[in-house]
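In what follows, a single structure is set out as structure tokens and then discussed.
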2 protein chains.
Amino acid sequence: MAVTLKEVAERAGVSRSAVSRTFTQGASVSAKTRKKVEKAARDLGYSPSLIARSLATNRTKLIGLIANNFQNPVFLEVFDLYTRALQERNLRPLLVNLTDQTDPSASVQLLKQYSVDGVIVASSTLPPLFAHAFKEAQVPVVHAFGRFASTPDIHIVGIDNEHCGALAAETLQKHRYKRVAFLGGPQSATSAQDRGAGFTRRAKEIGLEIVSSLYADAYAYNSGQQAMRELLEDRRFEAVFCGDDLICMGAMDAARDAGLSIPQDVGFIGFNDMNMAAWQAYSLTTIRQPTSEIILSSVDLVVSMLDTPERAPEVRLFPCSVVERSTLRPV
Amino acid sequence: MAVTLKEVAERAGVSRSAVSRTFTQGASVSAKTRKKVEKAARDLGYSPSLIARSLATNRTKLIGLIANNFQNPVFLEVFDLYTRALQERNLRPLLVNLTDQTDPSASVQLLKQYSVDGVIVASSTLPPLFAHAFKEAQVPVVHAFGRFASTPDIHIVGIDNEHCGALAAETLQKHRYKRVAFLGGPQSATSAQDRGAGFTRRAKEIGLEIVSSLYADAYAYNSGQQAMRELLEDRRFEAVFCGDDLICMGAMDAARDAGLSIPQDVGFIGFNDMNMAAWQAYSLTTIRQPTSEIILSSVDLVVSMLDTPERAPEVRLFPCSVVERSTLRPV
DNA sequence: CTGTTTTTTGCAACCGGTTGCAAAATTTTC
DNA sequence: GAAAATTTTGCAACCGGTTGCAAAAAACAG
């Protein structure tokens, strides 16, 4: 069916190796044969089979991309950036959707079977153990949006969530809030834990009183909405720090539904600065997570591991910053 | 490095074919050898290389998934559903992000090189010519969310956009609107054209006056917002039909920004019924596109083509329905 | 023009599986 | 228990490329 190396070789009147060499980077072929081969290939509409090449070279140019949150639109930005960054480097993403049902070890197995060249775990909710499984299986792995550890045993690219939580506390204080609430992401997520911890610690330090504290059950709109309703039962807070923009939007809608206006009756600060945070209906003051830097950096990292797999584990942290919009009262 | 067939065979004391057979569906092996092989494989931690298998069987279990809109959160739902549906069928998505810069023929080439078993073009904006390229290259292809044609030459799964546009007109009439505006998706998209055409036709038939008509430049929030501002310069309409929910949200925010309230001053009807349409800040009345049915059906279709590639081109259309929320005045 | 060095080329083995075929082993039949 | 029918097994060729190695060709030096 498809045109093969052999046919091209015959037509060009050269050996199969000659054809192979004209199609592999940095191999030595004379200008003359290269020309002959290229003509023959063009005539026949030949393009080398990546499968066969992969088998021979033990390289697939496939990068496993593991994600487990398809509810949060941030991830669409994430996919967009990943697919583009990989495509530019002549790599392909093999997308794995890790639902709660799927057995983690199964997907390790799976990606091993496809012999992906590397894996990017793009999730702030997956436990580190997950990325480890790949390290153990000897496949280059980087955990993007993962939990920062001072003595990492795998590559981590992300932010210092603890510090960013503290930043939220400072921002609330700057806006002269005294009593606040914390509405975090799912408690099982390391990112949610760390943001909460940093927020709590710093709040204590600067005399900001946390009157309520609650973890939503997912990084999702509905979860934020529902958690906010609960929070509203005992409304002694003047502002809420939400561990995620999407949760924050749900929370804001719940607050408005209860007849509160923002920021007059209650202030909000979110986390991520997703595209939608700038929408007029929300115009969310939020902590910006440098998504695109994290993604580019994690791709670069995984690429460099292709050549030097034994690279020492590295942590790359990017700074977050406050984006002021209109959900906190003017200072 | 990785454990191979041969090593398992040696350890189990059988031939390589025996090992191969215990790992391929429907091959004949005795219970006894199967047991021996399975034990050896377990001991060694063997899992067959899909690359090698692909080379031998000429099947990769890879499905190319082509998308070109990573701005619209609907596509996150789309990716979620696709990845799950494929995973359940033991197939993997190879994601191609078709930005405006990428050369279409290059990605055809690319997917051919990876010898994907099939391709799903998931886009309502790509021209049909695109899916054709795959048909020509002899790879099973279905165009999901594609333009309906009565004499299709490739498989199409989607909706009758023309009819759905008409449905929008009827809904506006039902709510006693007389003068309306049309705010479509990008004019180059067949879906936008068809929705517009159906809307216009039906409006004329039932005596609904279309006072303005405009195409946004993308299926995106900002585009909707911007187009609405333009529309507002000459506000003779009482309601707007937006060719997409996201555009509609942008438009609503623009209207609110201009001091209008919804639905008192101006009504809105969207298209898609994406998750966010139910959000309280919008609570959008919209035409529901049966995304999940379309996706499941297109996966089934592509799967069935794997076995019978010569299947006659088929069109599968799913009905849309109106979801009433609060952006049209009560009838 | 010859001898040396460098570049190009083809051979053949290999990557890790699958599969048609015939021989061997097992089961069934009488 | 032998013959026939059926199932299981191993051999060997194949899928479509890459690559180390040695021979051949080309380039260079004197």
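Each chain gets a letter, A, B and so on, in the order its sequence line appears, and its residues count up from 1.
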* Asked: Which of the following nucleotides, dG17(D), dT8(D), dG10(C), is nearest to the side chain of Val14(A)?
  -> dG10(C)
* Is any side-chain nitrogen or oxygen of Ser49(A) closer than 4.0 Å to OP1 or OP2 of dG16(D)? -> no
* Asked: Is the shortest side-chain N to carboxylate O distance from Glu314(B) to Arg316(B) below 4.0 Å?
  -> yes
* Asked: Between the base of dG10(D) and the side chain of Arg21(B), is there a donor-acceptor distance below 3.5 Å?
  -> yes
* Asked: Out of dT9(C), dC11(D), dG16(C), which has the shortest distance to the side chain of Ala52(B)?
  -> dG16(C)
* Asked: Contact class for Thr24(A) (heavy atom, under 4.0 Å): base, sugar-phosphate, or nothing?
  -> sugar-phosphate
* Structure fact -> Taking dT9(D), dG10(D), dT18(D) as options, the one with an atom nearest any side-chain atom of Ser20(A) is dT18(D)
* Indicate whether OP1 or OP2 belonging to dT9(C) is found under 4.0 Å from a side-chain N or O atom of Thr33(A). => yes
* Is it true that Arg84(B) and Glu88(B) make a salt bridge, defined as a side-chain N closer than 4.0 Å to a carboxylate O? -> no
* Asked: So, is Thr57(B) close to the dT19(C) phosphate, meaning a side-chain N or O under 4.0 Å from OP1 or OP2?
  -> no
* Rounded to the nearest Å, what distance is computed from the NZ atom of residue Lys6(A) to the C1' atom of nucleotide dA13(D)? -> 12 Å
* Do Arg16(B) and dG10(D) have a side chain to base donor-acceptor pair shorter than 3.5 Å? -> no
* Asked: For Ser30(A) and dT9(C), is the shortest distance between a side-chain N/O and OP1 or OP2 below 4.0 Å?
  -> yes
* Rounded distance in Å - NZ (Lys32(B)) to P (dT7(D)) -> 17 Å
* Structure fact -> Arg59(B) atom CZ is separated from dT19(C) atom P, nearest whole Å, by 11 Å
* Asked: Whole-Å distance between dG17(D) C1' and Asn58(B) CG?
  -> 14 Å
* Asked: Nearest to the side chain of Ser17(B) - dG10(D), dG10(C), dT18(C)?
  -> dG10(D)
* Asked: Any donor-acceptor pair under 3.5 Å joining the side chain of Thr4(A) to the base of dC15(D)?
  -> no
* **Asp117(B) and Thr60(B) side chains, donor-acceptor separation under 3.5 Å** => yes
* Round to a whole Å and report the spacing from CD1 of Ile51(B) to C1' of dT18(C). => 15 Å
* Asked: Touch check for Ser28(A), heavy atoms < 4.0 angstrom, all strands: base, sugar-phosphate only, or nothing?
  -> base
* Thr308(B) side chain to Met305(B) backbone, donor-acceptor under 3.5 Å -> no
* To do: Grab the CG-P distance between Leu50(B) and dC15(C) for me, whole Å please.
  => 19 Å
* Nearest to side-chain heavy atoms of Val29(A), which nucleotide of dT9(C), dC15(D), dT9(D) -> dT9(C)
* May I ask you to verify whether the side chain of Ser54(A) and the base of dC15(C) hold a donor-acceptor pair under 3.5 Å? => no
* To do: Spell out, as yes or no, whether a donor-acceptor pair under 3.5 Å connects the side chain of Thr4(B) to the backbone of Lys6(B).
  => yes
